[in-house]
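So the structure is just underneath, and the comments pick up after that.
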Amino acid sequence: MIVTPRIFARLAAIAILAVLLQLSFFSRVELFHTSADVLPAVVVSLGLLGGSMTGAVAGFSIGFLVDCLLVAPLGGFSLVLLGVGYLAGLFRERFEIHSALVPPLTCMGLTLFAELGFAALQVMLGVHAPVSVLIVRDMLLKTIYAFFLAWPIYFGLRRALRPALVEEPKVTRRRQPTVLGRT
Amino acid sequence: MYRKQVRRRRAVLTLLIIGSFLLLTITYGHSSGGLQRGVSTIFSPLQVVADRALKPARDLIGWFDKTFDARGENSRLKSELVTVRRQAVAGQEALQENAQLRKLVALDRGPALAESAYEPVTGRVIARSPTVWNSTVTLDVGSGDGVKVDDPVISGDGLVGLIASTQGGSSQVTLITDHASAVSAKVVPGGVQGVIRPDVGDPEDLILDFIDSTKHVHGGQTVVTSGWRAEGLASLFPPGLPVGEVTSASIVEQEASQQVHLRPYADIANLDLVQVLTGGSRG
């Protein structure tokens, strides 16, 4: 990704919009007693589009903003989303994305990674209450929601950041003209 | 050139990881103060706008979710109605007795929530934490409206939580379902006392802990805040705030205490309008 001042402004706007939408909308809408978490999906999409550095920096910034707005201990969300963004970017650098299913599946896997990472972090920091097994249901449903939300998020972000993307030209096979009577 | 790029990438990544750990180490257990308050103050008007703009969409999805739940809730409410009817009859008798006793001791106001001592400030939820580990919400009222840290927060149904931090026009509430929450409470009738703690991951379940196993608690009983006061220390919650209804009680093996599970009265997952009880005397 070629980050010009204009693209940087777009990335900042995307991060702020994603955080506002998450806190004011997605976190407050429950389907089957679980709300969706779009932030890992946004960070994964940015990582897949821009590479490991873009993913890591975007993850850290989005996490930092969430920590600030929730007045939670700083660094928790930042650390988890930084890892998510970096892994998504690394995937993009090592493998080719040749199927439309790759972004949703990556979002799904890395959302689960984010949920597990956040749980591990909380356990390490000390949870002063019993933990329900329903937390597993919450994690799995969030992962499934991420699969469906990844489509609009990834393709929307790709459209918004198109001028900055370094995309390999598509190889289109030309059909050989056929002449009647010959194969 | 490529090696230089790789080195730079690694440096940035290391810096970010170290930065995250440093932030966690420095700010864990106490907020970072100025920085978080500043960011919250800047973003709270944007959150208010986003909250209002997105309300119709939220309501629409909420309607679908509630329709799924309605069928199961209907049968539960029917069985509850029978129990409540019985309790209402008993309550009428208690009310008559209470009126007579009040006359005797010349009490002029209710012993439960001393409402006159508190000034309720109504606020709207504008943001919510995306994870069940940190169960917090942001309100559109703050220190400018008289809200202070540790003020209790209630909804129309019961206790919701406690103010954790305030800014000029917004404040953050630690909900009773947050893992850091602990509320001293008692079961009524009976007066058995314990501490309410959450069952992290299940907002429909709270645990009333540290209850003597010899005390009998049964389903359907109400749990209210106990609001104690002793030697200069006082509970952060006034006495008598309804918290929830006992769903089950189980004795912890090899321990002299029992765990009582309760369902909170307040719809913690769908909070919209709440009241912050400002001023007043605690305990």
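Because the structure is a prediction, the values reported are computed rather than measured. Residue numbers start from 1 in every chain, and the chains themselves are labelled A, B, ... in the order their sequence lines are given, proteins ahead of strands.
For the set B:Gly19, B:Ala53, B:Ala180, B:Ser40, the entry with the most heavy-atom pairs within less than 4.5 Å of chain A is B:Ser40. The residue among B:Arg197, B:Arg9, B:Arg8 with the most heavy atom pairs within less than 4.5 Å of chain A is B:Arg9. Most heavy-atom pairs under 4.5 Å with chain A, from the set B:Asn270, B:Val125, B:Ile207: that is B:Val125. Heavy-atom pairs under 4.5 Å with chain B were tallied for A:Leu31, A:Val38, A:Leu21, A:Val66; the largest tally goes to A:Leu31.
Between the NE2 atom in A:His33 and the CD atom in B:Glu204 there is a gap of 6.5 Å [rounded to 0.5 Å]. Here the CG-CZ distance, from B:Leu16 to A:Phe64, works out to 11.5 Å after rounding to the nearest 0.5 Å. Rounded to the nearest 0.5 angstrom, A:Leu20 CG and B:Leu54 CG are separated by 9.0 Å. Annotation: the span from B:Ile18 atom CD1 to A:Leu79 atom CG amounts to 11.5 Å, rounded to 0.5 Å.
Inter-residue side-chain proximity for B:Asp202 and A:Val133 is flagged as unmet; no heavy-atom pair is nearer than 4.5 Å. You'll find the side chain of B:Thr138 stays beyond 4.5 Å of the side chain of A:Leu69, heavy atoms only. Two residues are said to be in side-chain contact when any heavy atoms from C-beta on lie closer than 4.5 Å; A:Leu70 and B:Pro130 meet this criterion. Counting heavy atoms from C-beta on, the side chains of A:Ser132 and B:Val200 never come closer than 4.5 Å. Within the 4.5 Å cutoff, side-chain heavy atoms of B:Leu24 are placed close to those of A:Leu121. For the pair B:Thr131/A:Phe77, a side-chain contact is recorded, criterion being any heavy-atom separation below 4.5 Å from C-beta on. Side-chain contact between B:Asp51 and A:Arg28 is present, with at least one heavy-atom pair separated by less than 4.5 Å. Between A:Ile135 and B:Val132 there is a side-chain heavy-atom pair separated by less than 4.5 Å.
Judged by distance alone, the side chain of A:Ser24 and the main-chain N or O of B:Ala50 form no donor-acceptor pair under 3.5 Å.
Contact annotation for B:Gln172: only side-chain heavy atoms (C-beta onward) come within less than 4.5 Å of a heavy atom of chain A. With a 4.5 angstrom heavy-atom cutoff, B:Ala164 does not touch chain A via any of its atoms. In this structure, no portion of A:Phe26 lies under 4.5 Å from any heavy atom of chain B. For A:Leu82, the part sitting under 4.5 Å from any heavy atom of chain B is the side chain, from C-beta outward, and nothing else. The part of A:Ser52 that comes within reach of chain B is its side chain, from C-beta onward, which places non-hydrogen atoms under 4.5 angstrom from that chain. At a 4.5 Å heavy-atom cutoff, the contact between A:Val57 and chain B is made by backbone and side-chain atoms alike. Contacts between A:Phe25 and chain B at a heavy-atom distance below 4.5 Å involve backbone atoms as well as side-chain atoms. Proximity to chain B (any heavy atom under 4.5 Å) is shown, for A:Ala119, by both the backbone and the side chain. For B:Asp272, the parts sitting under 4.5 Å from any heavy atom of chain A are the backbone and the side chain alike. Residue contact with chain A, scored on non-hydrogen atoms closer than 4.5 Å, involves the backbone of B:Leu271 exclusively.
Shortest non-hydrogen contact noted between B:Val39 and A:Cys68 is CG1-CB, 3.6 Å. Taking both residues in full, the closest heavy atoms of B:Leu13 and A:Ala56 are given as CD1-CB, 4.1 Å, listed atom of the first, atom of the second, then distance.
For CZ of B:Phe21, the number of neighbouring non-hydrogen atoms (other residues, nucleotides, ligands) closer than 6.0 Å is 12 at most.
The residue from A:Val19, A:Leu23, A:Ile16 that alone fulfils the side-chain contact (heavy atoms from CB on, under 4.5 Å) condition with B:Phe43 is A:Ile16.
Between B:Arg128 and A:Glu30 there is no salt bridge, since no side-chain N of the basic residue sits under 4.0 Å from a carboxylate O of the acidic one.
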